[in-house]
Amino acid sequence: MSVANLIDHTILKPDCSLKEVQALCKEAANHGFAAVCVPPFYVRESKNYLSDSEVKVATVIGFPMGYSGTAAKVEEIKRAIDDGADELDVVVNICAIKSNNWNYVKNDIDSVTRACHLKGKVIKLIIETSLLSENEIEKVCKVCIDSGVNFVKTSTGFQGGATAEAVSLLRKILPESIKIKASGGIRTKEDAEKMISCGAERIGTSSGVSIVNVC
């Protein structure tokens, strides 16, 4: 199974350097990855570096906790798009979910989705499956369906990673029009293939090169 075109080649360490980001972009272009996922600080440089490539530039919003205000997330999205981001990986407000404040959750997801779609950009909503009950996952997915997000993403990677069970559950709940990104703890080709077999259509990993270099 070829997985290169499903990989978001990722570097989100708080101390990553421009040199590391440029190396990431070069690897993504060489291997034909779907996207690079970089901190907002490096979006403009990444877009310039990949200007002759089909690799998309993704960045994170409200990362990694998700509990920043909705207006702050929307402003982050606008700035990232101005800098050249093609795809926005936005963290849902877990605090609002745990407080059973579903009106806030809906407004938050509606607002960030609208901010992305008004500019023709892709939104991947990170719901942090390891912190949610199955019932909470079902509820937040219903909001995602109503809002029309492009992807539901399992994890930031900072609070646990993707599991086959979580991906299977998301695929069971979500319509085919909403894709799934599995992210967090995916380090081998076997890991990636397992997630894809369960329904993932994008893989977020910092191990993209080693995954595709497996014979």
Side-chain angles (χ1 to χ4, degrees), residues 1-64 76-77 79-91 116-117 119-126 149-158 161-162 167 178-215:
M1 178 189 296
S2 176
V3 301
N5 65 341
L6 303 181
I7 288 176
D8 282 5
H9 199 29
T10 302
I11 187 168
L12 294 170
K13 299 183 300 179
D15 61 345
C16 61
S17 67
L18 178 58
K19 184 176 181 180
E20 289 177 296
V21 170
Q22 289 173 335
L24 183 94
C25 291
K26 183 176 181 179
E27 290 167 350
N30 287 344
H31 291 283
F33 293 148
V36 295
C37 189
V38 300
F41 183 72
Y42 293 120
V43 167
R44 189 177 296 275
E45 288 84 358
S46 299
K47 189 68 174 180
N48 290 338
Y49 195 92
L50 290 166
S51 59
D52 294 327
S53 166
E54 294 184 3
V55 177
K56 303 296 185 183
V57 175
T59 194
V60 288
I61 304 296
F63 192 86
E76 280 190 76
I77 289 168
R79 175 60 184 269
I81 292 173
D82 286 346
D83 283 347
D86 303 296
E87 302 179 353
L88 295 306
D89 290 33
V90 184
V91 187
C116 294
H117 286 173
K119 297 293 185 178
K121 305 302 180 181
V122 168
I123 179 170
K124 308 185 199 107
L125 195 80
I126 309 172
V149 304
N150 302 101
F151 284 80
V152 171
K153 178 177 170 181
T154 60
S155 324
T156 61
F158 283 71
V167 173
I178 297 180
K179 299 178 181 180
I180 297 165
K181 177 176 173 179
S183 185
I186 301 170
R187 299 184 178 90
T188 67
K189 188 174 183 181
E190 290 74 21
D191 291 337
E193 289 177 340
K194 180 183 290 186
M195 299 302 167
I196 293 165
S197 70
C198 291
E201 295 176 76
R202 195 76 70 89
I203 301 294
T205 180
S206 59
S207 303
V209 174
S210 61
I211 287 172
V212 300
N213 281 342
V214 174
C215 295

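These values consider heavy atoms only, across backbone and side chains, with no hydrogens, waters or symmetry-generated copies. Predicted, not measured: the structure shown is a model, and the values here were computed from it.
Nearest heavy atoms, Ala80 versus Thr59: CB-CG2, 3.7 Å. The nearest pair of heavy atoms linking Cys116 to Ile123 is SG-CB, 3.8 Å. For Asp89 against Cys37, the heavy-atom pair with the smallest separation is OD2-SG, 4.3 Å. Minimum heavy-atom separation, Leu12 to Phe63: CD1-CZ, 3.6 Å. When every heavy atom of Cys25 is checked against every heavy atom of Leu50, the shortest pair comes out as O-CD2, 3.5 Å. Counting all heavy atoms, side chain and backbone alike, Asn150 lies closest to His117 at OD1-NE2, 2.9 Å.
Without hydrogens or angle criteria, Tyr42 side chain to Cys16 main chain gives a donor-acceptor distance under 3.5 Å. Counting only distance, with no hydrogens or angles, the side chain of Thr188 and the backbone of Asp191 share a donor-acceptor pair below 3.5 Å. One N or O on the side chain of Ser155 and one on the backbone of Ser183 form a donor-acceptor pair closer than 3.5 Å. In this structure, the side chain of Thr205 engages the main chain of Ile186 through a donor-acceptor pair within 3.5 Å.
Annotation: side chain of Lys194 is not in contact with side chain of Val167 (no heavy-atom distance under 4.5 Å). Residues Ile81 and Leu88 are in side-chain contact: their nearest non-hydrogen atoms beyond the backbone lie under 4.5 Å apart. In this structure the side chain of Val3 never reaches within 4.5 angstrom of the side chain of Ile203, judged on heavy atoms. In this structure, Leu18 and Glu45 have side chains that are in contact, with non-hydrogen atoms separated by less than 4.5 Å. Using a 4.5 Å cut-off on side-chain heavy atoms (C-beta onward), Pro40 and Val60 make contact.
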Worked verdict on Val43 versus Arg79 for side chain to side chain contact (heavy atoms under 4.5 Å, CB included): CA-CA 10 Å; Val43 167; Arg79 175 60 184 269; over 6 Å; no
Side chain to side chain contact (heavy atoms under 4.5 Å, CB included) evaluation trace for Lys13 with Glu20: CA-CA 10 Å; Lys13 299 183 300 179; Glu20 289 177 296; 3.0 Å; yes
Side chain to side chain contact (heavy atoms under 4.5 Å, CB included) between Phe151 and Val122, worked out: CA-CA 8 Å; Phe151 284 80; Val122 168; 3.9 Å; yes
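Here the straight-line distance linking atom CG of Asn5 with atom CZ of Arg202 works out to 9.0 Å at 0.5 Å rounding. Here the CD1 atom belonging to Ile180 is positioned 9.5 Å from the SG atom belonging to Cys198, to the nearest 0.5 angstrom. Between atom CG of residue Asn213 and atom OG of residue Ser207 there is a gap of 11.5 Å, rounded to the nearest 0.5 Å. Rounded to the nearest 0.5 Å, atoms CG (Asn30) and OG (Ser53) are 9.0 Å apart.
One finds no salt bridge joining Glu87 and Lys181 here, because no Lys/Arg side-chain nitrogen approaches an Asp/Glu carboxylate oxygen to under 4.0 Å.
A 6.0 Å sphere centred on CD of Gln22 holds more than 12 heavy atoms belonging to other residues, nucleotides or ligands. Surrounding CZ of Phe41 are at most 12 heavy atoms belonging to other residues, nucleotides or ligands under 6.0 Å away. By the 6.0 Å contact criterion, NZ on Lys121 is enclosed, its count of non-hydrogen atoms from other residues, nucleotides or ligands being greater than 12. For Lys47, the NZ atom counts as densely surrounded, since its 6.0 Å shell holds more than 12 non-hydrogen atoms of other residues, nucleotides or ligands.
Shown are Lys56, Lys124, Lys153, Lys179; of these, the salt bridge (Lys or Arg N to Asp or Glu O under 4.0 Å) with Asp8 is made only by Lys124. The side-chain contact (heavy atoms from CB on, under 4.5 Å) test with His9 is passed by exactly one of Ile211, Val38, Val55, Val209: Val209.
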